[in-house]
Q: 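Structure below; questions to follow.
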2 protein chains.
Amino acid sequence: MAKNKNTEQKIFDAATELFMEKGVDRTSVRDIASKAGINLALMNYYFRSKENLFDAIFTNLVKENTKDLLQILDSDLGLEEKIRKYVDAYIDMLTTNPLLVPFFMAIIHRSQEKITQMKVISNLYGTEIFSQQIVDEGKAGTIRRTDPSHFFVDMISLITFPFAIRPLIIDRNEMSEEDFNNFIVERKEHITGLLLKCMKEC
Amino acid sequence: MAKNKNTEQKIFDAATELFMEKGVDRTSVRDIASKAGINLALMNYYFRSKENLFDAIFTNLVKENTKDLLQILDSDLGLEEKIRKYVDAYIDMLTTNPLLVPFFMAIIHRSQEKITQMKVISNLYGTEIFSQQIVDEGKAGTIRRTDPSHFFVDMISLITFPFAIRPLIIDRNEMSEEDFNNFIVERKEHITGLLLKCMKEC
DNA sequence: TATTGATTTAAACTAGATTTTAAACAACTG
DNA sequence: CAGTTGTTTAAAATCTAGTTTAAATCAATA
């Protein structure tokens with residue numbers, strides 16, 4: 001009963017890494033077993049099937065990585081401060097785990113059946129509260145009237161897309177991983193500035 | 001010799017569609033054969049292997065879809081006009097074939113060995129000439145000094161990312177395909193405005 | 001210590017995929 | 001017309017994947 005959680009966790013962790021690195025379809029159960037250092041059949045013993053294991057991992061990744069961000073969006077900060085915090089936290093999160101974006105991109109197209117679960121992800125690009133805030137401040141004249149749906153898409157595009165094409169950026173600009181991370185840090189200021197500028201009259 | 005090209009082309013076309021719809025790994029040679037209405041072995045006769053066929057298709061897709069865009073970037077239009085044309089042409093191209101973005105995203109992470117071939121794609125986000133133009137106009141004071149590498153990333157992020165998460169946007173906003181296309185058309189003006197605004201002092 | 005249930009193992013099974021082979025066919029060439 | 005070449009077919013070989021089985025091991029406890 002002690003080794004239980006241990007083995008189950010080892011499978012879960014190994015599979016998570018492999019799924020994100022190589023993609024679900026190019027990862028075999030044998031790969032997982034070998035990486036986790038366990039017997040082939042144990043994957044089925046604990047998770048019944050590969051697809052099941054995938055579901056568990058997917059759900060977990062969503063939960064783990066959206067919590068803080070949603071909280072920021074729904075907080076009662078002012079718009080400028082909120083955007084600053086959000087961009088900052090989102091980019092930090094992705095820097096810690098740069099494979100999240102390509103992984104989710106792949107899943108969106110691989111498993112469209114699971115699209116409902118993914119609404120959680122899509123909330124990342126704008127909750128009701130945040131949306132309302134933009135409309136309200138537009139009416140109040142603090143910012144110019146802005147269509148929230150375009151604003152959301154702008155925001156997550158600017159934040160996440162570089163991670164989606166990370167290998168390309170690194171290769172093209174002959175960057176090291178560190179160079180890339182610096183580039184991304186630069187973008188924090190850059191994106192925030194861009195978004196705020198675009199909301200102000202001028 | 002007449003039917004040659006015919007069969008080869010049928011395989012090529014069927015595979016292209018399937019690869020883009022379901023992804024390379026979830027498309028079997030049997031799927032391709034059946035869609036193309038040909039015998040299973042013919043794929044190997046013409047292309048030697050599935051991976052080979054994939055290479056051919058990939059190269060072709062890159063060539064077909066980058067030509068016009070690169071031409072715009074390297075033309076001698078003024079910056080504003082150039083950006084306007086580029087955004088317009090790029091979005092039109094992707095609207096015609098909305099699966100291109102997810103396909104390329106998948107490939108970038110699936111086949112990192114082929115990353116060199118992909119430099120062609122990465123040129124999409126900025127040629128030497130275009131880059132120089134931004135620096136020059138910055139020095140001249142026509143626009144404010146702008147780091148081309150960030151500007152490129154901004155530009156392609158804003159243009160392509162919505163296509164990368166198309167199913168999510170459609171589902172979340174309860175859109176029809178047509179709604180989505182309208183949304184994208186709106187973005188043409190929106191993105192151009194945003195990019196130009198961000199280049200001007202204010 | 002014997003029993004029980006959970007865990008682990010090696011091996012087998014099943015299904016499906018890619019690739020190969022060898023023979024049949026058609027069209028053209030000398 | 002015979003033969004060569006390129007094309008197509010059906011079948012088989014090969015390989016790899018996910019899953020299942022049944023026996024072995026282990027740990028806890030009665």
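Throughout, protein chains are lettered first and strands after them, A, B, ... in sequence-line order, and every chain is numbered starting at 1. For clarity, every value in this text was computed on a predicted model and none was experimentally measured. We use all heavy atoms of the structure for the numbers below, so side chains are in, but hydrogens, waters and symmetry mates are not.
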Q: Atom CD1 of B:I11 and atom C1' of C:dT18: how far apart are they, to the nearest Å?
A: 14 Å
Q: Does a sphere of radius 6.0 Å around CD in A:E113 hold more than 12 heavy atoms from other residues, nucleotides or ligands, not counting ones at 6.0 Å or beyond?
A: yes
Q: Is the B:F183 ring parallel, tilted or perpendicular to the A:H150 ring (thresholds 30°, 60°)?
A: parallel
Q: Take the protein atom CZ of B:F54 and the nucleotide atom P of C:dT19, then report the distance between them rounded to whole Å.
A: 14 Å
Q: In chain order, what residues pass the ring pair (Phe, Tyr, Trp, His ring centres under 6.0 Å) check against A:F180, with sequence neighbours excluded?
A: A:F163
Q: Between A:L73 and A:I129, which heavy-atom pair has the shortest distance, and what is it?
A: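 Looking at all heavy atoms of both residues, the closest pair is O-CG2, 4.4 Å.
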Q: Tell me the interatomic distance from B:L53, atom CG, to C:dT18, atom P, rounded to whole angstroms.
A: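 Whole-Å distance recorded here is 11 Å.
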Q: Give me the distances for all protein-to-nucleotides 17-22 of chain D N/O pairs that come in under 3.5 Å?
A:
from: D:dG18; atom 1: OP1; to: A:K50; atom 2: NZ; distance (Å): 2.7
from: D:dG18; atom 1: OP2; to: A:V29; atom 2: N; distance (Å): 2.6
from: D:dG18; atom 1: N7; to: A:R30; atom 2: NH1; distance (Å): 2.8
from: D:dG18; atom 1: O6; to: A:R30; atom 2: NH2; distance (Å): 2.8
from: D:dT19; atom 1: OP2; to: A:K50; atom 2: N; distance (Å): 3.0

Q: Rounded off to whole Å, could you give me the CD1-to-C1' distance for the B:I32 and C:dT19 pair?
A: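 Spelled out: CD1 on B:I32 to C1' on C:dT19 is 13 Å.
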Q: Using whole Å, report how far CG of A:N39 lies from C1' of D:dA24.
A: 12 Å
Q: Round to the nearest Å and state the distance from A:L42 atom CG to D:dC26 atom C1'.
A: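 Roughly 14 Å, once rounded to whole Å.
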Q: Quick check: are there more than 12 heavy atoms from other residues, nucleotides or ligands sitting under 6.0 Å from CD of B:E51?
A: yes
Q: Checking B:E189 against B:R84 for the side-chain contact (heavy atoms from CB on, under 4.5 Å) test, could you report, in this order, the C-alpha distance in whole Å, the side-chain angles of both residues, the deciding distance, and whether it holds?
A: CA-CA 8 Å; B:E189 267 312 305; B:R84 197 175 296 282; 3.9 Å; yes
